[in-house]
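Note that the structure is a prediction, hence the values are computed from the model and not measured. Counting starts at 1 for both ligands and their atoms, following the listed order.
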Amino acid sequence: MTSTPPLSEFTTLRVGGSAAAMIDATTETELVEAARQVWADGDDWFVLGGGSNMVVSDDGFDGTVIRTLSRGIEVLPPETRESSIPAFAQAPAARERIQSPNEERVRIRVQAGHPWDELVAETVERGWSGLEALSGIPGATGASPIQNIGAYGQELASSLVAVDFLDSFADAPVRIPACELGLGYRTSVFKQGRAGIVTAVEFELHDAGPKSLGQPIGYAQLAQSLGARLGDRVPIQALRDAVLELRRSKGMVLDADDQDSVSAGSFFTNPIVSERFARTLPDDAPRWPTTLDQPDIVTPLGSDPVVPPHRDPAEYRVKLSAAWLIEHAGVRRGFSLPGSRAAISSKHTLALTNRGGAKAEEVVELARYVRAMVQTEFGVLLHPEPVLVGLSI
Ligand SMILES: Cc1cc2nc3c(=O)[nH]c(=O)nc-3n(C[C@H](O)[C@H](O)[C@H](O)COP(=O)(O)OP(=O)(O)OC[C@H]3O[C@@H](n4cnc5c(N)ncnc54)[C@H](O)[C@@H]3O)c2cc1C
């Protein structure tokens with residue numbers, strides 16, 4: 001398979017062999033046409049944005065890669081002064097958003113290939129708040145709902161209104177409201193198997209007016225770096241700058257001069273375990289209570305409404321820190337297996353990095369080692385955050 005440049009040239013971890021074919025789609029129409037062509041030909045396929053959340057096999061991909069390069073931000077006409085997201089449809093974070101009396105809402109529709117951080121920079125410059133804490137995340141806007149990106153106390157779900165989505169083998173995209181996307185901690189219906197292509201993403205932001213205050217700070221370390229308290233509001237540009245500085249200190253901003261940024265971001269998600277299990281961990285293990293989404297209860301027409309069952313406290317869930325578990329299992333920053341060119345970042349335990357010329361297999365070996373160490377020490381199985389193409393750990 002040598003017909004296209006190796007995918008290592010298109011992934012931030014710089015690993016991956018060639019694909020059989022690659023199509024660059026520079027407009028929404030080209031994206032839809034490319035997909036329909038590939039589906040008609042019966043090829044295997046996947047969508048590539050910025051390649052910042054995937055690990056591709058050294059053997060490459062025996063199918064067609066559709067690359068999203070469509071750009072553009074369109075300001076949509078205001079619908080009403082009320083939020084266009086019905087209250088029942090909003091993700092929890094959205095319901096908690098603070099709205100000052102003088103703030104107007106702005107709705108925008110962004111093309112899938114638009115670089116994410118260029119979008120954030122543009123919204124911050126215009127004084128539109130809602131995405132500022134997500135500054136510095138690499139990749140394309142179309143990928144942002146796939147794992148419901150989040151950082152520094154903000155999640156995409158709190159500003160996302162809808163996506164335009166071309167279901168696999170469909171003729172045209174449909175608009176899917178955020179409430180139907182199953183958005184959760186680093187997940188969505190797209191990670192659970194709904195195949196297709198996000199062609200555009202719609203957001204609702206706050207026009208923060210002349211003071212241009214960002215959304216309330218939701219992350220202690222960020223508050224500290226701004227000399228503020230959790231829940232305080234600071235100018236939106238100051239918040240972006242502080243996030244970028246913190247991210248740089250952790251190698252979490254792509255930087256040609258920083259080898260620690262040659263990664264796929266956090267390699268493992270924070271595990272979510274039962275409260276009972278969490279109690280078995282050492283006292284100093286960080287843990288945060290979290291909710292498990294209540295499944296929908298379907299009541300057949302004509303029957304009595306179903307009373308939600310009482311929940312056993314054993315069902316309550318606790319989120320753990322993957323970084324803490326890895327460090328306390330004895331895997332230190334900068335660690336690498338003998339002879340391997342893959343290493344734990346020297347700035348951030350959760351990032352697996354390519355120190356130069358590493359193969360995907362070396363990264364995967366390191367990931368397996370980390371996972372085995374944590375499992376042996378604490379009995380917790382870590383799950384990879386990036387999408388693995390042609391690989392498993
Ligand atoms: C240094 C660094 C820091 C990071 N920090 C964070 C962080 O703080 N928070 C966070 O959440 N993530 C973070 N990430 C992970 C990553 O940047 C995000 O998940 C980002 O949204 C991925 O975008 P992408 O365009 O690079 O996706 P890709 O890697 O190209 O694709 C990822 C997955 O999404 C699919 N996909 C991409 N575009 C589309 C589309 N238009 N339609 C359908 N499917 C699509 C791909 O097929 C693949 O399965 C970080 C990564 C790096 C390298």
Measure V387 to ligand 1 on non-hydrogen atoms and call it side chain, backbone, both or neither using the 4.0 Å cut-off.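 Side chain only.
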Which one holds for V47 and ligand 1: side chain close, backbone close, both close, or neither close, with close meaning a heavy atom under 4.0 Å?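 Under 4.0 Å from ligand 1, V47 contributes backbone and side-chain atoms.
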With heavy atoms of [X] as the reference, note each atom of ligand 1 found under 4.0 Å away.
| X | result |
| --- | --- |
| M54 | 28 (P), 29 (O), 30 (O), 31 (O), 46 (C), 48 (C) |
| T12 | 53 (C) |
| A151 | 8 (O) |
| G139 | 23 (O), 24 (P), 25 (O), 26 (O) |
| A264 | 51 (C), 52 (C), 53 (C) |

For [X] and ligand 1, does the shortest N/O to N/O distance drop below 3.5 Å?
| X | result |
| --- | --- |
| V253 | no |
| V198 | yes |
| Q147 | yes |
| G50 | yes |
| S261 | no |

Between the side chains of K347 and D260, is the shortest nitrogen-to-carboxylate-oxygen separation below 4.0 Å, so that they form an ion pair?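 Salt bridge flag = yes for K347 with D260.
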Salt bridge flag under 4.0 Å for residues E74 and R107: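 No.
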Any heavy atom of G196 sitting closer than 4.0 Å to ligand 1?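 Distance cut 4.0 Å: G196 passes for ligand 1.
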Say whether R186 and ligand 1 are in contact under the criterion: heavy-atom distance to a ligand atom below 4.0 Å.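 For ligand 1, residue contact (heavy atoms, under 4.0 Å) with R186 is present.
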In this structure, are over 12 heavy atoms from other groups packed under 6.0 Å from E377 atom CD?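 Above 12, so yes.
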E118 atom CD, over 12 foreign heavy atoms within 6.0 Å: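 Atom CD in E118 is crowded, with more than 12 foreign heavy atoms closer than 6.0 Å.
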Can you figure out which of [options] has its heavy atom closest to [atom]?
| atom | options | answer |
| --- | --- | --- |
| atom 37 (C) of ligand 1 | A143, S135, P115 | A143 |
| atom 14 (N) of ligand 1 | V201, V55, I137 | I137 |
| atom 50 (C) of ligand 1 | A140, G49, P138 | P138 |
| atom 51 (C) of ligand 1 | P386, S52, S263, A25 | S52 |

Evaluate salt bridge (Lys or Arg N to Asp or Glu O under 4.0 Å) for R287 paired with E275, printing each intermediate quantity in order. CA-CA 10 Å; R287 58 199 103 191; E275 191 186 26; over 6 Å; no
Distance-only, no hydrogens or angles: does the S266 side chain make a donor-acceptor pair with backbone N or O of L350 under 3.5 Å?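 Between the backbone of L350 and the side chain of S266 there is no qualifying donor-acceptor contact (under 3.5 Å).
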R341 (side chain) donor-acceptor with G357 (main chain) under 3.5 angstrom: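 Yes: the side chain of R341 pairs with the backbone of G357.
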Going through the distances and angles, do E28 and S70 end up as a side chain to side chain donor-acceptor pair (under 3.5 Å)? CA-CA 6 Å; E28 203 170 352; S70 48; over 6 Å; no
